[in-house]
Amino acid sequence: MLKLSIKQLLQQKQHNQDEHGKNFFGTDITLQGWVRNKRDSKAGLSFISLTDGSCLTTMQIVAKAQLPNYENILKLTKDCSISVIGTIEKSLGSNQDFEIIAKEIQIIGWVENPETYPVSPKRHTVEFLREVSHLRIRTNLLSSVMRVRNTISYAIHEYFQQNEFYWIHTPIITATDAEGAGELFQVTSLNLNDLPRDGLGKIDYKNDFFGKQTFLTVSGQLNAEAYCLAMSKVYTFGPTFRAENSNTTRHLAEFWMVEPEVAFADLNQNAKLAEELLKFIFNKVLNDNLHEIDFFVEYIDKEVRNRLTSLVANKFEVITYTEAIEQLLKPGKNFENPVYWGVDLSSEHERWICETLVGRPTVVINYPKDIKAFYMRANDDGKTVAAMDVLAPGVGEIIGGAQREERYDLLVNRMKELGVGLEALSWYLDLRKFGSVPHSGFGLGLDRLVSYITGVNNIRDIIPFPRASKSANF
RNA sequence: GCCUCAAUAGCUCAGUCGGUUAGAGCGACGGACUGUUAAUCCGCAGGUCGUAGGUUCGAAUCCUACUUGAGGCGCCA
């Protein structure tokens, strides 16, 4: 017996209609999945909406009273698992072209206590579903988000692979704590109840697993730079960790980041790469997730499709930090935080720039050097560095990047100014001594991108099992 | 970490000025219905009002602490 996913079945239908439509109807197949909904009729039949997660569409299974276990079929509730053998036939109902007339329905797993089963067939709030992360994927919302998340992840690899980038696996465990990207989680195999101390009473990391203090990575950038300075175009794509006690809708302690790094590329090329990558992803989602987008438009945010369509059609706006400050200073606005040249833009400023001033993703470039990291390349004006942020309406900073300082002397001076230890990063400085070239890169927050694309505005709802401050369940 | 708000049935909520036996919708369960599709209609069950204290003749309601959650800010992706 041919076993198909619902997605395959729908594809076959399309295919058979074109070429040999006669063969499609009347074929016997096996489907396996979970009951999404069931409607009974005293006419002597039940309609089961079956889902297997392969796509948003459910398959209608018609179960007639003649089935030997029909009494049990009447007791099926949402998310009971079943295996169905049946015949594909034209549907008499108007919501689907075809349906499966069951010859045999095997009940694989019952749902105990349907009354208290958390994911009952009704609307649920995302807050409630968050409390049952292991079961919330059994909703249209979460399964749609995860299919889109998959499309996005795959599109990222596709874009880079098509453009001759090499995917490199940078370490998760790092001894570098000077990247300035945030608080780190410490990694240790020491017994915390009996820590070895040196003569001064400080913890002696010589006895730790790596013989020194180590952390979970906050970014693969520095390692990626080393590889781009030999392979020209590389990217990292993996989880990163920040131990910041952030409590917002857009921060996670464990999140996924994409970090391309390109040799012989300046800031303009960097910004262009960011725009091309994002547009490639938006296009992929528009093409591959029609039903999911329909769903988001209906239940989450009416603008989801319009936003993506207009994003791929329009150039991203690029403005300098200095221009942004000038706009922010124009009269008639009432910001809580002060605006002046040199200030680190706060959320309300960033929101105003991309939501009100521009109305779509905006690339802000050339920030004051004093609010940016040590590795960003000094501009000729002596005041700014070649940094860029891509700001997206609703989710804020979606990309942060820069042209890196490739000039040894300038980099060393900057590190000294900012008190960055030279010794731990001597390997990084080596890169500027042996065939250094201008190079650029950025970090794209995958989770923020998923949030932006789907319109689901809490980042904890677009990753399967979110990790955040005081929250590491499941 | 700071600020604000919230917690009542499996879920979403109402509950007046502190006053008798805390209500509704959805879901679940039972029944009706000749093809349903968020099925429809009828019926039934379901409660330690987050926890602990306090005020009061009397507390879901007022006060305090704690817990949990949400939103905003900061940090950033």
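No hydrogens, no waters, no symmetry mates; every other heavy atom, side chains included, goes into these values. By convention in this document, chain letters (A, B, ...) are assigned in the order of the sequence lines, proteins followed by strands, and residues within each chain are numbered from 1.
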* Asked: Taking only side-chain nitrogens and oxygens of A:Asn457, does any of them come within less than 4.0 Å of OP1 or OP2 of B:G71?
  -> no

* **Phosphate-side-chain proximity, A:Thr248 and B:C76, N/O vs OP1/OP2 below 4.0 Å** => no

* Looking at B:U36, B:C73, B:C11, which one has an atom nearest to any side-chain atom of A:Gln96? -> B:U36

* Asked: Below 4.0 angstrom, N of the basic side chain to O of the carboxylate: do A:Glu261 and A:Arg404 qualify?
  -> yes

* To do: Return the stacking result for B:G35 and A:Phe47: yes when the ring centres lie under 5.5 Å apart and the planes under 30°, no otherwise.
  => no

* Asked: Do A:Glu99 side-chain and B:G35 base share a donor-acceptor contact under 3.5 Å?
  -> yes

* Structure fact -> Of the candidates B:U36, B:G72, B:U12, the side chain of A:Gln60 sits closest to B:U36

* Counterpart base for B:U55, defined by Watson-Crick or G-U wobble contacts under 3.5 Å -> none

* Asked: What is the base-pairing partner of B:C49, counting Watson-Crick and G-U wobble geometry with both distances under 3.5 Å?
  -> none

* Asked: Any donor and acceptor pair, going by atom type alone, linking the side chain of A:Arg448 with main-chain N or O of A:Glu397 inside 3.5 Å?
  -> yes

Nucleotide N/O of nucleotides 26-30 of chain B paired with protein N/O under 3.5 Å:
residue : atom : partner  : partner atom : Å
B:G27   : N2   : A:Glu115 : OE2          : 3.0

* Residue A:Glu244, side-chain heavy atoms: nucleotide from B:G10, B:C75, B:U34 that is nearest -> B:C75

* Ignoring hydrogens and angles, are the base of B:C73 and the side chain of A:Ser347 linked by a donor-acceptor pair under 3.5 Å? -> no

* Checking only heavy atoms, does the side chain of A:His124 share a donor-acceptor pair with the base of B:C11 at less than 3.5 Å? -> no

* Contact nearer the 5' end of RNA chain B, comparing A:Ile371 with A:Pro118 -> A:Pro118

* Give a yes/no on whether any side-chain N or O of A:Arg250 is located under 4.0 angstrom from OP1 or OP2 of B:C73. => yes

* Pair A:Tyr235 and A:His157, ring centroids less than 6.0 Å apart -> yes

* Asked: Taking any strand in view, what nucleotide pairs with B:A32 in a Watson-Crick or G-U wobble way, both distances under 3.5 Å?
  -> B:U40

* **Under-3.5 Å donor-acceptor pair between A:Glu127 side chain and B:U68 base** => no

* **Complementary nucleotide for B:U61 - Watson-Crick or wobble, under 3.5 Å** => none

* **Proximity to the side chain of A:Arg448 - top-ranked nucleotide from B:U36, B:U12, B:C76** => B:C76

* Does the A:Gln8 side chain pair with the main chain of A:Ser5, one donor and one acceptor, at a distance under 3.5 Å? -> yes

* Just say parallel, tilted or perpendicular for the rings of A:His169 and A:Trp167, cut-offs at 30° and 60°. => perpendicular

* Under 3.5 Å, is there a donor-acceptor pair between the A:Tyr166 and A:Gln161 side chains? -> no

* If you measure from the C1' atom in B:G47 to the same atom in B:G10, how many Å do you get, rounded? -> 12 Å

* Structure fact -> Answer for the Watson-Crick or wobble partner of B:G1, both distances under 3.5 Å, is B:C73

* Any A:Arg36 side-chain N or O less than 4.0 Å from OP1/OP2 of B:A38 -> no

* Asked: Going by distance alone, is a donor N or O of one side chain under 3.5 Å from an acceptor N or O of the other, for A:Asn379 and A:Thr384?
  -> yes

* Ion pair present between A:Lys38 and A:Asp40, side-chain N to carboxylate O less than 4.0 angstrom? -> yes

* When rounded to the nearest Å, what value does the distance between P atoms of B:U61 and B:C44 take? -> 31 Å

* Could you work out the separation of B:C49 and B:U12 based on their C1' atoms and round it to a whole Å? => 16 Å

